[in-house]
**Q** 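Take a look at this one; I'll ask things after.
When reading the values below, keep in mind they use all heavy atoms of this one structure, side chains included, and skip hydrogens, waters and symmetry mates. Counting starts at 1 for both ligands and their atoms, following the listed order. Everything numeric here is computed off the predicted structure, so don't read it as measured data.
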Amino acid sequence: MREVFENVSRIKFEGRGSKNPLAFKYYDPSEVVGQKTMADHLRFSVAYWHTFTGKGVDPFGSATMIRPWDVSSDPVEQAKARMVAAFEFMSKLGVPYFCFHDRDIAPEGATLRESNRNLDEIVSLAKQLMQDTGIKLLWGTANLFSHPRFVHGASTSSNADVFAYAGAQVKKALEVTKELGGENYVFWGGREGYETLLNTDMGFELDNLARFLTMAVDYAKEIGFTGQFLIEPKPKEPTKHQYDFDVATVLGFLKKYNLDSYFKMNIEANHATLAGHTFQHELHLARVNGALGSVDANQGDMLLGWDTDQMPTDIYTTTLAMYEILKNGGLHSGGLNFDAKLRRGSFALDDLFYGHIAGMDAFAYGLKVAHKLLETKELEDFIATRYGSYQTGIGSQILKGTVGLKELEKYALEHDQIVNVSGNQELLEAILNQYMMGEK
Ligand code: XLS
Ligand code: NI
Ligand code: NI
């Protein structure tokens, strides 16, 4: 079969000085950092929807992307050609994983039966290509937001038939994820949220969302799907108020419905910033709650209020993200999935490589800096010293639980001339800069 990316061969690591745009400058998959290779730390994944199915459409303009595989007028044939091209791309890029929604890889049919048949046909091709290339499935998911039937949501729709349809779609998506050896399964809220409380019963919709997730947990057990379930928080878009607003909201929701032991988080950088948090904040909060599962690696634009899903190139952000991931003991079954799309003006085929290489290098650089920071423990030591007052005296009694408000009052009456210590934020930022620039 003729190659689509015929001018590109396997992307190699050439190192810092390289001027070759089709080479890695920092990502050397076999380089050992700490206990693991870079490839094992970073577990990169390509997002099928943006990279292969996305066409560069925006609300003001039509498709711009040059995608030579999109030529057949038969949707199933087109999906097959796209899948073959996808595996050529991923092999040449050297990523170990990919992720998909059911409807990215196979076209929606006229009926649910036909959609399922289309999916089966494409899944068997995917299985073959996965065997041939060794590329694995990081996670699968169901698209419960594009079709007009999901106008009012899926499991939180006011229409019970839509709830049922969404259930059928998740059942099938779980089956194919299992069949392809998927290591995780993602629930992103899609249209699970609301536009106005004038027509919405929020409490009822949240109960239904929990009912739906409970059914998914039960079905996974029934079919023996042992991958990790992930919820991907997002505060807004497409609905004004998404129910899975941020990590804190999702943790509270899961606890309320006794679902917390079944789910971890898939944290997306751009969703964090839309929620008014940093990416690091969301990773950190998930980590300290034992819920850091996987990452949608992208970045937003601070001047724009929507989910721009850009390739992650900001090395400060990737460094602090890798800091959290290393402190988490790694991503375990998760990975760094490039849920990122090229800008509409970056329509050439080679841009697909440039974008992913940029993201992979940014995370590889971040990994090395974060590893160094953890090796010297400079930040960790600072933080430990900062909380040192809890190691002795009244602080240690607070931790042991041997004092109450009465004892605290007695202590405070004798120690009411309080001396605080500086937080030294600017000093720490300067120290971080030294690590970023390789001076430490
Ligand atoms: C959309 C989400 C979506 C999920 C998968 O904003 O990021 O792409 O990752 O459904
Ligand atoms: Ni995402
Ligand atoms: Ni996004």
**Q** Kindly check if the number of other-residue, nucleotide or ligand heavy atoms within 6.0 Å of NZ (K92) is above 12?
**A**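 Yes, the 6.0 Å shell around NZ holds more than 12 heavy atoms from other groups.
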
**Q** Would you please determine whether E237 falls within less than 4.0 Å of ligand 1 on a heavy-atom basis?
**A**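 Contact check E237 vs ligand 1: negative.
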
**Q** Among protein heavy atoms, which lies nearest atom 8 (O) of ligand 1, and at what distance?
**A**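 Answer for atom 8 (O) of ligand 1: D339 OD2, 3.1 Å.
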
**Q** Counting distance only, does the side-chain N/O of E268 pair as donor-acceptor with the main-chain N or O of E232 below 3.5 Å?
**A**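 Side chain of E268 to backbone of E232: no pair is present.
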
**Q** Of all the atoms in ligand 1, which lie at a distance below 4.0 Å from a heavy atom belonging to D296?
**A**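 Near D296, the atoms of ligand 1 are 9 (O).
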
**Q** How large, to 10°, is the angle at the Ni ion (ligand 2) when you draw lines to OE2 on E232 and to OD2 on D296?
**A**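 Here the angle at the metal atom is close to 100°, to 10°.
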
**Q** Starting from atom 2 (C) of ligand 1, locate the nearest protein heavy atom and write down its residue, its atom name and how far away it is, to 0.1 Å.
**A**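 Answer, as residue, atom name and distance: E232 OE2, 3.2 Å.
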
**Q** What atoms in ligand 1 come closer than 4.0 Å to a heavy atom of D307?
**A**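 Within the 4.0 Å cut-off of D307, ligand 1 contributes 6 (O).
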
**Q** Please write down residue, atom name and distance for the protein heavy atom closest to atom 6 (O) of ligand 1.
**A**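 Going atom by atom, the protein heavy atom closest to atom 6 (O) of ligand 1 ends up being K234 NZ, 2.8 Å.
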
**Q** Are the charged groups of D244 and K234 less than 4.0 angstrom apart, N to O?
**A**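 So D244 does not pair with K234 through a salt bridge.
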
**Q** Where does the angle between the aromatic ring planes of W139 and W49 fall among parallel (under 30°), tilted (30 to 60°) and perpendicular (over 60°)?
**A**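 Tilted: the ring planes of W139 and W49 meet at 30° to 60°.
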
**Q** Is there a polar contact between ligand 1 and T141, counting only N or O atoms under 3.5 Å apart?
**A**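 Looking only at distances, the answer is no, because the N/O contact criterion of under 3.5 Å is not met.
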
**Q** Do ligand 1 and W188 have nitrogen or oxygen atoms that lie under 3.5 Å from each other?
**A**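 No; the residue has no nitrogen or oxygen that sits under 3.5 Å from a nitrogen or oxygen of the ligand.
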
**Q** I need the OD2(D339)-the Ni ion (ligand 2)-OE1(E268) angle, rounded to 10 degrees.
**A**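 Value, to the nearest 10 degrees: 90°.
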
**Q** Tell me whether K172 is salt-bridged to D102, with the criterion being a basic N under 4.0 Å from an acidic carboxylate O.
**A**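 Salt bridge: no.
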
**Q** Does a salt bridge link R149 with D161, judged by any charged N lying under 4.0 Å from a carboxylate O?
**A**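 Result for this pair is no, no salt bridge flagged.
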
**Q** Rounded to the nearest 0.5 Å, how far apart are CE of M83 and CH2 of W69?
**A**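 These two atoms lie 12.5 Å from each other.
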
**Q** Determine which of the N, O or S atoms in D307 is closest to the Ni ion (ligand 3) and give its atom name.
**A**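 So the atom name we want here is OD2.
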
**Q** Run the salt-bridge test on E179 and K127 with the 4.0 Å N-O cut-off and return the result as yes or no.
**A**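 Answer for the salt bridge query: yes.
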
**Q** Which protein heavy atom lies closest to atom 5 (C) of ligand 1, and at what distance to 0.1 Å?
**A**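 Closest protein heavy atom to atom 5 (C) of ligand 1: H101 NE2, 3.2 Å.
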
**Q** Run the salt-bridge test on E175 and K178 with the 4.0 Å N-O cut-off and return the result as yes or no.
**A**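 The answer is no: the pair does not qualify as a salt bridge.
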
**Q** Please find the N/O/S atom of D309 nearest to the Ni ion (ligand 3) and write down its name.
**A**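 Result: OD1.
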
